[in-house]
Protein chains: 2
Amino acid sequence: MLTTKRHEIILALLKKRKTASIHELSEHTGASISTIRRDLEKLEQEEKLKRVHGGASQITNNRYEPELEEKQGLNEPAKAEIGKAAAELIEEGDCLFIDAGTTTQQILPHLEDKNVVVVTNAYHFVTTLLGLGVEVYLTGGRAKAKTGALIGVQAEETLQSFRFDKSFIGMNGIHAKHGYTTPDPEEARVKRLAMDLSKRAFVLMDDSKFQQVSFSKVGDIRDAEIITNREEDSILSEIQKTTRVKVVKI
Amino acid sequence: MLTTKRHEIILALLKKRKTASIHELSEHTGASISTIRRDLEKLEQEEKLKRVHGGASQITNNRYEPELEEKQGLNEPAKAEIGKAAAELIEEGDCLFIDAGTTTQQILPHLEDKNVVVVTNAYHFVTTLLGLGVEVYLTGGRAKAKTGALIGVQAEETLQSFRFDKSFIGMNGIHAKHGYTTPDPEEARVKRLAMDLSKRAFVLMDDSKFQQVSFSKVGDIRDAEIITNREEDSILSEIQKTTRVKVVKI
DNA sequence: TCATTTTCAATCATTTTCATTCAAAAGGAA
DNA sequence: TTCCTTTTGAATGAAAATGATTGAAAATGA
């Protein structure tokens with residue numbers, strides 16, 4: 001029996017049932033227990049299935065959730081502090097835009113029962129916000145799994161019908177010369193538009209984003225204020241010449 | 001029996017009933033009391049359930065979900081069958097609108113890896129659909145906790161930029177004379193618009209909705225086709241004079 | 001309150017499964 | 001063929017899961 005064929009059989013069986021034991025698979029393919037183990041090891045590396053004690057189980061359908069949750073773990077305390085600092089700027093009656101992203105997400109818990117209206121392009125913020133008793137508007141648009149954002153013409157159109165007191169934007173890179181950048185051009189347009197529609201725009205960034213440059217430019221340094229945990233250094237000083245920076249300690 | 005499999009069984013049972021005793025679970029899975037205890041301990045750590053003296057109970061995530069989940073339970077088998085029947089109408093390459101609602105939600109599992117584009121006004125369908133590998137567009141709008149729908153001018157504006165091969169609409173009432181009705185006028189407008197933008201519009205309704213009249217009119221009987229589990233009777237016959245009805249058995 | 005019953009957490013012995021190693025078998029190239 | 005690499009199956013001790021047992025804790029009912 002060809003190795004590839006065996007792999008197919010294993011995956012096919014797992015598609016029908018949610019789990020399968022090593023012994024079932026061994027019997028079903030005619031291969032020995034050891035071989036099946038090796039197969040499962042390889043297939044797990046390829047993210048085709050998940051090994052469990054005694055066998056294997058289907059990979060959790062959610063192509064989306066894991067990515068976001070993984071990301072969530074990175075630099076978590078910093079993000080939480082930045083989110084808290086952002087929330088402190090919010091006043092009664094504010095109309096806010098909150099961009100999709102793991103850092104901006106940290107603002108949410110601080111909005112409980114605040115009298116604000118939130119517009120967001122993050123479809124998975126909605127349930128949380130409603131639960132906190134906040135009035136929520138979602139932009140339309142195409143749903144992007146990787147970042148959990150809504151993008152495209154519909155997102156931009158919907159945004160046009162709002163004006164914000166404050167907007168909180170996530171960003172992938174900031175560079176003294178190249179300004180704010182992010183990988184996806186369509187996301188960049190939405191961020192840019194939200195900034196333009198706000199009296200005050202805040203970019204939330206942990207220190208790892210400094211001097212990074214991504215593919216799509218969102219704007220120049222002066223186009224927004226910055227909230228970060230970056231410690232004082234020459235790069236930060238340079239940026240502070242151009243715009244206001246709120247520095248949080250962790 | 002695989003450990004993972006047992007965990008799934010436990011969670012599945014808890015999803016149906018609100019609580020389950022250790023003994024029930026032991027009997028149901030064939031595992032010993034000790035093993036079940038260990039399972040519950042682990043699953044509680046993962047926040048999948050809450051242990052209580054003598055067994056375990058469902059976890060309630062937040063203030064919002066319960067309402068919708070309660071509703072979910074009502075007439076569940078009927079809704080599942082109706083959702084399945086609706087999915088059978090879908091063809092390769094279709095552009096679909098799927099309305100927010102517990103009945104329309106039952107279509108989702110049948111969309112796995114189908115080559116379709118889905119537009120929806122239900123913000124909590126997005127993650128599921130992306131997980132199934134479907135391209136998703138969300139309408140904009142104000143998020144309504146009670147029904148999980150996006151409504152208002154932004155929703156209508158976003159919808160205008162699409163045309164659908166088929167739309168699947170949830171509805172609260174159908175009446176031979178008064179047509180389709182639903183409680184919220186803003187939701188009614190969205191439903192109406194989606195129907196207008198579709199080559200074929202389908203209203204999904206379990207039999208409890210017949211001869212019900214709600215506050216806001218969505219349209220006349222002939223404005224959509226109907227998918228229901230209503231058994232043959234005079235009321236259904238009357239309606240069938242006006243429009244096509246697909247009847248499912250449960 | 002107290003006594004009784006049920007459930008719980010901790011521990012132990014047993015069984016099952018796992019990762020690692022090694023040698024045989026099966027290809028592939030010169 | 002011979003030499004070399006890859007795949008396979010078996011063997012091993014280590015790790016994990018399981019079921020039974022026990023005294024402590026919690027619930028129950030008088």
Side-chain angles (χ1 to χ4, degrees), chain A residues 1-63 65-67 69-70 72-74 76, chain B residues 1-62 65-66 69-70 73 131:
Chain A
M1 157 111 36
L2 227 51
T3 310
T4 317
K5 185 73 188 169
R6 218 173 39 237
H7 287 191
E8 276 171 29
I9 292 176
I10 291 172
L11 292 175
L13 198 71
L14 270 181
K15 193 159 185 176
K16 263 196 244 168
R17 339 242 251 81
K18 274 186 296 190
T19 62
S21 76
I22 290 258
H23 292 281
E24 281 174 325
L25 293 170
S26 168
E27 204 168 329
H28 213 266
T29 58
S32 74
I33 301 282
S34 297
T35 302
I36 298 295
R37 278 190 213 292
R38 275 185 276 254
D39 288 342
L40 296 186
E41 193 174 3
K42 186 159 289 180
L43 289 169
E44 183 173 43
Q45 277 180 352
E46 295 171 13
E47 302 190 3
K48 302 282 182 63
L49 54 75
K50 200 179 92 189
R51 288 189 75 179
V52 297
H53 198 88
S57 83
Q58 267 184 6
I59 206 113
T60 39
N61 254 333
N62 263 332
R63 285 187 221 166
E65 294 279 9
E67 290 179 43
E69 274 175 18
E70 273 171 39
Q72 201 114 3
L74 296 174
E76 204 173 327
Chain B
M1 159 98 50
L2 234 49
T3 310
T4 314
K5 188 78 189 168
R6 215 175 41 239
H7 288 188
E8 275 169 25
I9 292 175
I10 291 173
L11 292 175
L13 199 73
L14 271 181
K15 194 163 182 175
K16 268 195 232 165
R17 343 243 254 77
K18 275 185 301 186
T19 63
S21 76
I22 291 256
H23 290 282
E24 279 175 325
L25 293 170
S26 169
E27 203 167 330
H28 210 266
T29 59
S32 74
I33 301 283
S34 297
T35 301
I36 298 294
R37 278 190 212 293
R38 275 184 279 253
D39 287 342
L40 296 186
E41 193 176 2
K42 186 160 288 181
L43 290 170
E44 183 172 43
Q45 277 180 352
E46 294 171 13
E47 303 190 1
K48 302 281 182 63
L49 53 76
K50 201 179 91 188
R51 288 189 75 178
V52 295
H53 198 86
S57 83
Q58 263 183 10
I59 210 140
T60 43
N61 267 332
N62 50 45
E65 292 283 5
E69 270 177 20
E70 273 172 37

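All chains are named by letter (A, B, ...) in the order of the sequence lines, taking the proteins before the strands, and each is independently numbered beginning at 1.
Atom pair B:Glu27:CD and D:dG19:P shows a separation of 15 Å (rounding to whole Å applied). Taking atom CD of B:Glu41 as the reference point, atom P of C:dT11 lies 12 Å away to the nearest angstrom. A straight line from CG of B:Leu40 to P of D:dT18 spans 13 Å, rounded to a whole angstrom. As rounded to whole Å, 12 Å separates atom C1' of D:dT8 from atom CD1 of A:Ile36. Distance, A:Arg51 CZ to C:dT16 C1': 14 Å, rounded to whole Å. Between the CG atom of B:Asp39 and the P atom of D:dT18 there is a distance of 7 Å, given to the nearest Å. In this structure, NE2 of A:His53 is placed 9 Å from P of D:dA16, rounded to the nearest angstrom. Between the C1' atom of D:dT18 and the NE2 atom of B:His7 lies a distance of 12 Å, rounded to the nearest Å.
The base-pairing partner of D:dT8, taking Watson-Crick or G-U wobble contacts with both distances under 3.5 Å, is C:dA23. Using N1 to N3 plus N6-O4 or O6-N4 for Watson-Crick, or N1-O2 and O6-N3 for G-U wobble, each under 3.5 Å, C:dA10 pairs with D:dT21. In this entry D:dG29 has C:dC2 as its Watson-Crick or G-U wobble partner, both defining distances falling under 3.5 Å.
Phosphate contact (OP1/OP2 of C:dT7, side-chain N/O of B:His23, threshold under 4.0 Å): present. Taking 4.0 angstrom as the limit, B:Arg6 places none of its side-chain polar atoms (N or O) nearer than this to OP1 or OP2 of D:dA17. Close to D:dT8, at under 4.0 Å from its OP1 or OP2, lies a side-chain N or O of A:Thr3. OP1 and OP2 of D:dA17 both lie 4.0 Å or more from every side-chain N or O belonging to B:Arg37. One finds no side-chain N or O of B:Arg38 lying less than 4.0 angstrom from the OP1 or OP2 phosphate oxygen of D:dA20. The phosphate of D:dG19 (OP1 or OP2) has a side-chain N or O of B:Thr35 nearer than 4.0 angstrom.
Applying the side chain to side chain contact (heavy atoms under 4.5 Å, CB included) test to B:His53 and every residue at least two apart in sequence or in another chain returns nothing. In this structure, A:Ser34 has no side chain to side chain donor-acceptor pair (under 3.5 Å) partners at least two apart in sequence or on a different chain.
Within 6.0 Å of the CD atom in A:Glu8, the count of heavy atoms belonging to other residues, nucleotides or ligands exceeds 12.
Using a 4.0 Å heavy-atom distance criterion, A:Ser34 is classed as a base contact. Counting any heavy atom pair closer than 4.0 Å across all strands shown, A:Ile33 reaches no nucleic acid atom.
A:Gln58 is not listed as a side-chain neighbour of A:Leu49, based on a closest heavy-atom distance of 4.5 Å or more.
Here the nucleotide nearest the side chain of B:Ala31, chosen from D:dA26, D:dG19, D:dA17, is D:dG19.
In terms of heavy atoms, B:Ser57 sits closest to B:Thr19 at CB-CG2, 3.6 Å.
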